[in-house]
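First the proteins, then the strands, lettered A, B, ... as listed; each starts at 1.
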Amino acid sequence: MRLSRFFLPLLKETPSEAQIVSHRLMLRAGMLRQEAAGIYAWLPLGHRVLRKIEEIVRQEMDRAGAVELLMPTLQLADLWRESGRYDDYGAEMLRITDRHERELLYGPTNEEMITEIFRAYVRSYKALPLNLYHIQWKFRDEQRPRFGVMRGREFLMKDAYSFDLDEAGGKAAYNRMFVAYLRTFARMGLKAIPMQAESGPIGGELSHEFIVLAQTGESAVYLDRRILDLPIPDETVDYGSDLAGVVADWTGRFYAATEDVHDPSRFEARTPEDDRVTARGIEVGQTFFFGDKYSKPMKAVVSGPDGVERPAQMGSYGIGVSRLLGAIIEASHDEAGIIWPEPVAPFGVGIVSLRPGDPAVDAACEKAYDALTAAGKEPLYDDTDDRPGAKFAAMDLIGLPWQLIIGPRGLAEGQVELKRRATGERQSVSLARALEIVGA
RNA sequence: CGGGGCGUAGCGCAGCCUGGUAGCGCAUCUGCUUUGGGAGCAGAGGGUCGCAGGUUCAAAUCCUGCCGCCCCGACCA
């Protein structure tokens, strides 16, 4: 992409509504525009990151055996009356009436709808286990939206729903999602720690919150340092095998709790003083196993091998896709701007032309642009007439992993400059060598 | 939902107390000069002062109501 053809409305000054660093940086980097409290338009740069995150989530869900579908944003109130949650949910649920006076709601989650779909088609244990997921916009009418995408009202969420015949099957499904979550967040460059959680309005007794550690996190967390060194299952993990051991490693060995459920005396009893860490965290996902909480009232039953019908054992598994943008920035930035982990960066390499119009500079930039494009590195080529200083500041702000700086001075000596955004490290090398280093 | 604050040009703000018909910086546009870490000079465009009433010869300014947004708390993916 040529910057002169892109839409990247950078702000030099910080809009006054933005309080936390991720919100400020997303606005300044031209990723996001607020349209109403907690409701945002995703500008091209933000949209590219959103899609990258979504794709990682999708790949890991598919790998774990989940099947993607897409449910609507609007749901009938009657469906929610079946589970009893229409009245329970309160003012957080956005309720809408159509021209026929039909009561609708903008879905805050989809347990009822997925259960309705399941019961319409699935009758036999032979179709199980089944895990269906979608990535869709949700709406929760927060009393006080804040922190940009970290706590918006409209947000993009991946939610998966597992169906099994019995509790053992349901817990195995839970474990598969648990492992998939470890992998998903790790692939985005995040340390997300599963912590014992309250299950809130979703219900159920088995639940974990996945918490990203960041100094600016919304809530305090307490954990055993050693949990940070536990290995993440690699891509060869066998989702057909028993994963209870992996889950037990992450949940049973070391203390980790959010402030809501923190128990100081247990923390001190289980964790040596030197390993006790108090930090702040951002919740990016939550897993629930809730058995027949929805399947029973909604009559989603399957026949077992014995011919007896019983309610499906269900779990649900959410990831805050749009919130992850904020969480990643909170965990990865400096004074100059964002530092994107490579897998979610909107572009892989920024090419900075220090003198557009100079034949040698133009030729070198074009060559780099073609090579990087061909190698799938998704370059962003700053071919504008801005001054060098402005270009450097812009590149640092938008946080691409690499900056390839090409100017007449260096080219005269056969060199370009390659800068690593994360470390600030620069090296002067030949263009060919620079392309080799970034993998083109 | 309790408490507080703010709505003036795309962004950041001053002006309001003490009414006299709107200003600064950045950004934008034009020209010239510049060009390796957010350039300089000269000129230009852009605002029903959140909305609706009211007071007044006159309202950004005073009064009333409404709307929107932000912050602290309670609550939450």
Counting only heavy atoms not in [X] (residues, nucleotides, ligands), do more than 12 fall under 6.0 Å from its [atom1]?
{"X": "A/Arg225", "atom1": "CZ", "result": "yes"}
{"X": "A/Glu35", "atom1": "CD", "result": "yes"}
{"X": "A/Arg2", "atom1": "CZ", "result": "yes"}

Going by the angle between their ring planes, with limits at 30° and 60°, are [X] and [Y] parallel, tilted or perpendicular?
{"X": "A/Tyr381", "Y": "A/Tyr369", "answer": "tilted"}
{"X": "A/Tyr106", "Y": "A/Phe139", "answer": "tilted"}
{"X": "A/Phe267", "Y": "A/Tyr222", "answer": "perpendicular"}

**Prompt:** Thinking salt bridges, do A/Glu55 and A/Arg58 make one under a 4.0 Å N-O criterion?
**Reply:** yes
**Message:** What I want to find out is whether A/Arg119 reaches A/Glu82 closely enough, with some N-O distance under 4.0 Å, to be called a salt bridge.
**Reply:** yes
Residues [X] and [Y]: side-chain donor-acceptor under 3.5 angstrom:
{"X": "A/Tyr161", "Y": "A/His134", "result": "no"}
{"X": "A/Tyr133", "Y": "A/Asp62", "result": "yes"}
{"X": "A/Gln59", "Y": "A/Arg187", "result": "yes"}
{"X": "A/Gln136", "Y": "A/Thr73", "result": "no"}

**Request:** Check whether any side-chain N or O of A/Asp87 sits under 3.5 Å from a backbone N or O of A/Gly90 as a donor-acceptor pair, and report yes or no.
**Result:**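 A pair under 3.5 Å: no.
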**Message:** For the backbone of A/Met150 and the side chain of A/Arg323, can you confirm whether one donor and one acceptor N or O come within less than 3.5 Å of each other?
**Reply:** yes
Using a cutoff of under 3.5 Å, can you pull out all pairs of nitrogen or oxygen atoms linking the protein to nucleotides 31-34 of chain B, with atom names and distances?
residue : atom : partner  : partner atom : Å
B/U34   : O2   : A/Arg387 : NH1          : 2.8

Who pairs with [N] - Watson-Crick or G-U, where each distance is under 3.5 Å:
{"N": "B/G31", "value": "B/C41"}
{"N": "B/C75", "value": "none"}
{"N": "B/A14", "value": "none"}
{"N": "B/A59", "value": "none"}
{"N": "B/G47", "value": "none"}
{"N": "B/G19", "value": "none"}
{"N": "B/G7", "value": "B/C67"}

Between [N] and [X], is there an OP1 or OP2 to side-chain N/O distance shorter than 4.0 Å?
{"X": "A/Lys12", "N": "B/G38", "answer": "no"}
{"X": "A/Arg146", "N": "B/C72", "answer": "yes"}
{"X": "A/Ser16", "N": "B/C70", "answer": "no"}

Sticking with atom [atom1], work out how far [N] lies from [M], rounded to a whole angstrom.
{"N": "B/G45", "M": "B/U56", "atom1": "P", "result": "38 Å"}
{"N": "B/C11", "M": "B/C72", "atom1": "C1'", "result": "26 Å"}
{"N": "B/A22", "M": "B/G15", "atom1": "C1'", "result": "8 Å"}
{"N": "B/C75", "M": "B/U18", "atom1": "P", "result": "43 Å"}

Under the 3.5 Å rule, do the base of [N] and the side chain of [X] count as making a donor-acceptor pair?
{"X": "A/Arg426", "N": "B/G37", "value": "yes"}
{"X": "A/Asp386", "N": "B/G38", "value": "no"}
{"X": "A/Arg28", "N": "B/G38", "value": "yes"}

**Message:** Would you say the base of B/G36 stacks on A/Phe392 (centre-to-centre below 5.5 Å, plane angle below 30°)?
**Reply:**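 A/Phe392 vs B/G36: stacking no.
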**Prompt:** Between A/Glu142 and A/Lys391, who's closer to the 5' end of RNA chain B by nearest nucleotide?
**Reply:** A/Lys391
Give every pair of a protein N or O atom and an N or O atom of nucleotides 5-9 of chain B that lie under 3.5 Å apart, one pair per line with the distance.
none

Interface with RNA chain B, restricted to [range] and to heavy atoms under 4.0 Å:
{"range": "residues 317-326 of chain A", "value": "A/Arg323"}
{"range": "residues 32-41 of chain A", "value": "A/Gln34, A/Ala36, A/Ala37"}
{"range": "residues 42-62 of chain A", "value": "none"}
{"range": "residues 354-368 of chain A", "value": "A/Leu354, A/Arg355"}

**A/Tyr317, A/Phe178, A/Phe289 screened by ring-ring contact (aromatic ring centres under 6.0 Å, His included) with A/His208, the one that passes** = A/Phe178
**Asked** In Å, rounded to the nearest 0.5 Å, how long is the span from CD of A/Glu425 to CZ of A/Arg420?
**Response** 8.5 Å
**Value in whole Å for how far the P atom of B/G73 lies from CD of A/Glu218** =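 Taking atom P of B/G73 as the reference, CD of A/Glu218 is at 13 Å.
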**Prompt:** To the nearest angstrom, how far is A/Met157 atom CE from B/C76 atom P?
**Reply:** 15 Å
